[in-house]
Every structure is written in C-alpha cells, then in structure tokens.
Amino acid sequence: MFNTTSDSFVSAALWAGAISLLLTAIVGISIIALRVALRRAERLEKATVEKWRPILNATLIGEPPDTLPSLRKNEELDFLKLLVYFQTSLRGEARVALNDLGYRLDCDRIATHLLDRGNDAEQLLGILALGHMRVESALPSLRQHANSSDAAISSHAFWAILQTDASLAPALVPEFFVRDDLPLSQLANILKEADFDCTAILSESLGKVDAQHIPRLLRLAESLRIQLPDTQIRALMNRDEINIIIAALRLASSPLLLLQARKFLHSDNWRVRLHAVRAIGKIGDRSDIERLKPLLQDKEWWVRYRTAETLVDMPFVSRDDLGALVSAPDRFARDIVTQVLAERGMQ
C-alpha cells in the first residue's frame with residue numbers, strides 16, 4: 001500500500017513538473033512573439049514616417065506633389081497619427097492644406113471607420129482626425145460618441161463637433177455644462193478654440209440647472225471671462241449655498257455689486273470672507289481701506305494674507321497708508337502686511 005501511495009505522489013509530481021515546463025514555454029514564446037510584433041510595428045511606423053513626412057512638409061510650404069504614392073492598408077494608422085500630430089501644432093492656411101492632402105488620401109473614410117469600429121485608442125484617433133478635417137458626414141456618429149460614458153471620448157467628440165459645425169453648439173453646450181466627469185479646464189478650452197460665445201446659453205442655463213451644478217457653471221464663466229448681468233450675480237450672491245456665493249463673488253466686477261460684496265466681509269465662513277476681500281479689491285473704493293483693516297486680524301491666515309495683498313495692490317493706497325498698516329498695534333496685522341511688502345520688494 002505504501003509503494004502505491006508513493007508511486008502516486010511521484011506521478012503527480014512529474015505531471016506537475018511537465019505542466020509547469022509547458023506553461024513556462026508558452027509564456028516565453030508569447031513574450032518573444034510580442035517583442036517581434038512590437039519591433040515589426042516600430043519598423044513599419046518608422047518607414048511610414050520616412051515616406052510621408054517629406055510630403056507633409058512640402059504641403060506645408062505650399063508645394064504639394066501632383067501625384068501621391070498610395071497609402072497602403074498597413075500604413076493608415078501610423079499616417080493618421082502623423083497627420084493629426086501636424087494638424088495639432090498648426091493653424092490657418094497650413095492646416096487647410098493638410099486637410100486637402102488628407103482628403104486626397106481618403107483619410108476621412110479611414111477616420112470614420114476607426115470611429116465606428118476601432119478600439120478606444122483608435123476611436124480617439126479617428127475623432128481627432130475628423131475634427132481637424134471637419135468631416136460633416138461624420139457628425140451623426142460624433143454626436144453619438146459625444147454621449148459616451150468615457151470622458152475622453154465624449155469630450156473630444158464634443159470638440160470635433162464644434163470644430164466641424166459651430167452652429168450645433170446651442171443644442172450641445174448645455175448638456176456638457178452639467179457633465180461633472182469632464183474637466184472644467186478642458187471644457188473651457190474646447191469652447192475657446194471653437195470661438196463660440198456661450199454667454200447667453202450659460203446665463204440661461206443658470207436658471208435651469210440644479211443648485212449643485214451652479215458653482216461649476218460660474219467657474220466656467222470665470223474661465224471664459226464671461227461677464228454675466230449684475231442682476232443675475234446679485235441674485236446668486238443672495239443664495240444660501242456657500243459654494244454659490246463664493247463663485248458669484250469671484251465674478252463680481254461691477255461697482256454696482258460693491259454694497260452686496262461688503263456684507264460678506266462679516267460672514268461666519270472664512271472662505272466667503274476671503275472672496276469678499278478679493279471682490280472688493282477689484283471694485284472697491286478708498287473708503288474700503290477702513291473696512292478691510294479689521295480683517296488683517298482675522299483668525300484665518302489666508303484671510304489675513306489676501307486682505308494684506310488687496311490693500312497693498314489697491315491703486316489709491318498711499319505709502320503713508322502702508323506705513324500706518326506696518327505700524328498697526330496688532331501683531332498679526334503688522335506681520336502679514338510686512339510679509340506681503342517683502343514679497344513685492346516694497347520694503
């Protein structure tokens with residue numbers, strides 16, 4: 001019985017060893033195959049760039065060749081990458097010339113195929129190419145991808161649509177205002193590049209969206225340097241939500257909002273006090289020097305610091321006024337003003 005058991009263990013060990021060797025061999029072969037495929041892809045990409053870069057450069061200087069070499073199937077992806085790279089770094093007539101070259105090589109069809117049937121990376125490449133080439137026939141597919149749950153695909157599809165036909169913006173922009181998964185800076189850049197004035201749409205949307213989205217819309221207005229009506233900003237400053245009040249204070253740039261902004265210097269929330277100080281720095285008058293002085297003694301360091309910065313930067317604050325601030329009886333006030341003056345090299 002013991003011999004039988006021992007033979008069973010030996011047999012199991014042999015099988016385990018054989019299976020391990022087989023798996024190791026499979027992994028090794030897979031690694032070698034991947035490396036071979038990678039090097040083949042690198043050689044193909046290099047050959048494609050060497051073939052087409054001179055043609056692209058000639059196109060940029062206004063000397064496109066009358067006849068073009070054929071764009072082989074295995075070159076399409078690498079050529080499209082190269083074309084998008086050139087387009088991204090150019091503006092004006094040079095980009096138009098590249099687009100003409102792209103159409104001659106049927107790149108609009110290639111990019112549309114990638115958008116409809118490619119993986120995520122290929123779809124993104126297709127979107128970029130279609131946006132630069134302004135392919136109107138691709139708009140329905142781009143509109144579908146603009147609703148994607150993938151933020152990268154969605155935002156770039158939105159960009160491509162506005163590049164192709166900016167008249168579609170009024171129907172699309174409100175949807176993207178409330179897309180919290182899209183970086184605000186990216187959305188602002190898309191709208192800037194499209195050269196689309198969304199002041200009216202943003203102002204209208206503020207009255208329709210949920211309160212949780214209002215701060216985002218106000219930050220977007222700030223990024224785009226949109227000046228909302230004073231009455232609308234005043235109404236937002238009268239809200240109860242702290243984030244909305246702060247975002248509205250950041251937009252306050254009219255003297256008509258000064259009285260409203262001054263009220264927030266006494267807020268219980270230090271962030272509100274801080275942004276009230278910044279707002280008064282933009283729209284305040286000389287009488288606000290006395291109103292700001294007490295905040296040099298605020299319990300929050302950032303409020304003291306922003307107040308000192310504001311007072312130092314006010315155009316109507318004289319050197320005598322600054323001297324009085326440096327000599328203030330309160331140590332916190334003296335120290336923070338002295339620090340800001342040192343940072344500005346004004347001591």
Engineer: Between Phe158 and Phe176, how do the two ring planes meet: parallel, tilted or perpendicular, split at 30° and 60°?
Structural biologist: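 Plane angle under 30°, so parallel.
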
Engineer: When rounded to the nearest 0.5 angstrom, what distance separates CD1 in Ile31 from CD1 in Ile26?
Structural biologist: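 Output value for this atom pair is 12.5 Å.
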
Engineer: For residues Glu175 and Arg179, report the shortest heavy-atom separation together with the two atoms involved.
Structural biologist: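 Closest heavy-atom pair between Glu175 and Arg179: O-CG, 3.4 Å.
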
Engineer: Do you see a donor-acceptor pair shorter than 3.5 Å between the side chains of Arg291 and Ser287?
Structural biologist: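 Yes, side-chain donor-acceptor contact under 3.5 Å.
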
Engineer: Which of these, Arg216, Arg278, Arg250, sits in a salt bridge (charged side-chain N to carboxylate O under 4.0 Å, His left out) with Glu222?
Structural biologist: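 Considering Arg216, Arg278, Arg250, a salt bridge (charged side-chain N to carboxylate O under 4.0 Å, His left out) with Glu222 is found only for Arg250.
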
Engineer: Start with the C-alpha distance between His275 and Phe264, add both sets of side-chain angles, then the distance that settles side-chain contact (heavy atoms from CB on, under 4.5 Å), and finish with yes or no.
Structural biologist: CA-CA 9 Å; His275 287 284; Phe264 293 107; over 6 Å; no

Engineer: To the nearest 0.5 Å, how far apart are OG1 in Thr59 and CG in Leu101?
Structural biologist: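 Going from the OG1 atom of Thr59 to the CG atom of Leu101 covers 4.5 Å.
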
Engineer: On a heavy-atom basis, which atom in Ala160 and which in Ile127 lie closest, and how many Å separate them?
Structural biologist: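 Minimum heavy-atom contact is CB-O, 3.8 Å.
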
Engineer: Where do Ala276 and Leu249 come nearest, in terms of heavy atoms and distance?
Structural biologist: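 So the minimum-distance heavy-atom pair works out to N-CD1, 3.8 Å.
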
Engineer: side-chain contact (heavy atoms from CB on, under 4.5 Å) with Gln227: which of Ile233, Thr199, Leu251?
Structural biologist: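 That would be Ile233; it is the only one of Ile233, Thr199, Leu251 passing the side-chain contact (heavy atoms from CB on, under 4.5 Å) with Gln227.
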
Engineer: Ile283 versus Leu256: any side-chain heavy-atom pair under 4.5 Å?
Structural biologist: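 They are not in contact (no side-chain heavy atoms under 4.5 Å apart), so the answer is no.
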
Engineer: Pair Val84, Lys81 - check side-chain contact (heavy atoms from CB on, under 4.5 Å), show working.
Structural biologist: CA-CA 5 Å; Val84 168; Lys81 291 178 184 178; 6.0 Å; no

Engineer: Enter the distance from Asp240:CG to Ile245:CD1 here, rounded to the nearest 0.5 Å.
Structural biologist: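 Spacing of CG (Asp240) from CD1 (Ile245) equals 7.0 Å.
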
Engineer: Using a 4.5 Å cut-off on heavy atoms from C-beta on, say whether the side chain of Leu292 contacts that of Leu265.
Structural biologist: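 Result yes, sub-4.5 Å side-chain heavy-atom pair found.
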
Engineer: Under the criterion side-chain hydrogen bond (donor to acceptor under 3.5 Å, both in side chains), I'd like the reasoning laid out for Asp165 against Ser167: C-alpha separation, chi angles, the key distance, then a yes or no.
Structural biologist: CA-CA 5 Å; Asp165 187 355; Ser167 68; 2.5 Å; yes

Engineer: Is it true that atom CG of Asn119 has more than 12 heavy atoms of other residues, nucleotides or ligands lying nearer than 6.0 Å?
Structural biologist: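 Yes, CG of Asn119 has more than 12 neighbouring heavy atoms, counting only those of other groups under 6.0 Å.
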
Engineer: Any donor-acceptor pair under 3.5 Å linking the side-chain atoms of Asn269 with those of Ser267?
Structural biologist: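 Not at all, the side chains of Ser267 and Asn269 share no donor-acceptor pair under 3.5 Å.
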
Engineer: Could you check whether atom OH of Tyr85 has more than 12 heavy atoms from other residues, nucleotides or ligands sitting under 6.0 Å from it?
Structural biologist: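 Result for OH/Tyr85: open.
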
Engineer: May I ask you to test the Leu172-Arg143 pair for a side-chain heavy-atom distance under 4.5 Å?
Structural biologist: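 The answer is yes; the side chains approach within 4.5 Å.
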
Engineer: Looking at every heavy atom in both Thr164 and Leu130, which two are closest together, and how far apart are they?
Structural biologist: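 Between these two residues, the closest heavy atoms are OG1-O, 4.1 Å.
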
Engineer: Just by modelled atom types, is the Asp298 backbone N or O under 3.5 Å from a matching donor or acceptor in the Arg304 side chain?
Structural biologist: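 Present.
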
Engineer: Give a yes-or-no answer on whether the side chains of Gln260 and Asn238 include a donor-acceptor pair shorter than 3.5 Å.
Structural biologist: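 Result is yes, a qualifying pair exists.
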
Engineer: For Gln212 and Asn243, does a side-chain donor sit closer than 3.5 Å to a side-chain acceptor?
Structural biologist: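 No, because no side-chain N or O of Gln212 sits under 3.5 Å from a partner of the opposite role on Asn243.
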
Engineer: Got a second to check how far Asn147's CG is from Ile153's CD1, nearest 0.5 Å?
Structural biologist: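 Here the rounded value is 13.0 Å.
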
Engineer: Under 4.5 Å between any side-chain heavy atoms of Phe177 and Ile201, yes or no?
Structural biologist: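 Side chain of Phe177 against side chain of Ile201, heavy atoms only: contact under 4.5 Å found.
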
Engineer: With a 6.0 Å cut-off (strictly less than), is the heavy-atom count around CD of Glu136, excluding the residue itself, greater than 12?
Structural biologist: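 No, the 6.0 Å shell around CD holds no more than 12 heavy atoms from other groups.
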
Engineer: I need the minimum non-hydrogen distance between Met314 and Ile280, along with the two atoms involved.
Structural biologist: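 Taking every non-hydrogen atom into account, CE-O, 3.9 Å.
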
Engineer: For Arg53 and Thr48, run side-chain contact (heavy atoms from CB on, under 4.5 Å): C-alpha distance rounded to whole Å, both residues' side-chain angles, the deciding distance at 0.1 Å, then the answer.
Structural biologist: CA-CA 8 Å; Arg53 185 185 287 274; Thr48 302; over 6 Å; no

Engineer: Under a 3.5 Å cutoff, is there a donor and acceptor pairing between the side chains of Thr338 and Asp335?
Structural biologist: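 No.
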
Engineer: Do Gln123 and Leu114 come within less than 4.5 Å of each other through their side chains, counting heavy atoms only?
Structural biologist: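 Side-chain contact under 4.5 Å: no.
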
Engineer: If you apply the rule salt bridge (Lys or Arg N to Asp or Glu O under 4.0 Å), what do you find for Arg286 with Asp321, and how did you get there?
Structural biologist: CA-CA 11 Å; Arg286 184 170 178 78; Asp321 293 328; 3.0 Å; yes

Engineer: Does any non-hydrogen side-chain atom of Asp285 lie less than 4.5 Å from one of Leu258?
Structural biologist: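 Heavy-atom side-chain distance check passes, below 4.5 Å.
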
Engineer: Could you give me the CA-CA distance, side-chain angles and deciding distance for Val173 and Leu202, then say whether side-chain contact (heavy atoms from CB on, under 4.5 Å) is met?
Structural biologist: CA-CA 9 Å; Val173 169; Leu202 195 149; over 6 Å; no

Engineer: Do Gln339 and Ile336 touch side chain to side chain, with heavy atoms closer than 4.5 Å?
Structural biologist: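 Contact flag for Gln339/Ile336 side chains = yes.
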
Engineer: Is there a path of hydrophobic side-chain contacts, each under 4.5 Å between heavy atoms of I/L/V/M/F/W/Y residues, joining Val326 to Ile289?
Structural biologist: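 In one cluster with Ile289: Val326, yes.
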
Engineer: Crowded around Phe316 CZ? As in, over 12 foreign heavy atoms under 6.0 Å?
Structural biologist: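 Yes, the 6.0 Å shell around CZ holds more than 12 heavy atoms from other groups.
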
Engineer: Please report the shortest heavy-atom distance between Ser148 and Ser154, naming the atom on each side.
Structural biologist: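 Residues Ser148 and Ser154, closest heavy atoms: O-CB, 3.5 Å.
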
Engineer: Determine, step by step, whether Asn99 and Gln87 satisfy the side-chain hydrogen bond (donor to acceptor under 3.5 Å, both in side chains) criterion, reporting the C-alpha distance in whole Å, the side-chain angles of both residues, the deciding distance to 0.1 Å, and the verdict.
Structural biologist: CA-CA 8 Å; Asn99 286 343; Gln87 288 170 320; 2.6 Å; yes

Engineer: Please lay out, stage by stage, how Ser141 and Asp116 fare under the test side-chain hydrogen bond (donor to acceptor under 3.5 Å, both in side chains).
Structural biologist: CA-CA 7 Å; Ser141 185; Asp116 293 335; 2.7 Å; yes

Engineer: Look at the aromatic rings of Tyr305 and Trp301 and report parallel, tilted or perpendicular, splitting at 30° and 60°.
Structural biologist: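 The arrangement is parallel - the two ring planes meet at less than 30°.
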
Engineer: Given side-chain hydrogen bond (donor to acceptor under 3.5 Å, both in side chains), test Gln186 with Ser155 step by step and report yes or no.
Structural biologist: CA-CA 8 Å; Gln186 185 177 14; Ser155 60; 3.0 Å; yes

Engineer: Do Arg72 and Lys51 have side chains that approach each other closer than 4.5 Å (heavy atoms only, starting at C-beta)?
Structural biologist: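 Yes - at least one pair of side-chain heavy atoms lies under 4.5 Å apart.
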
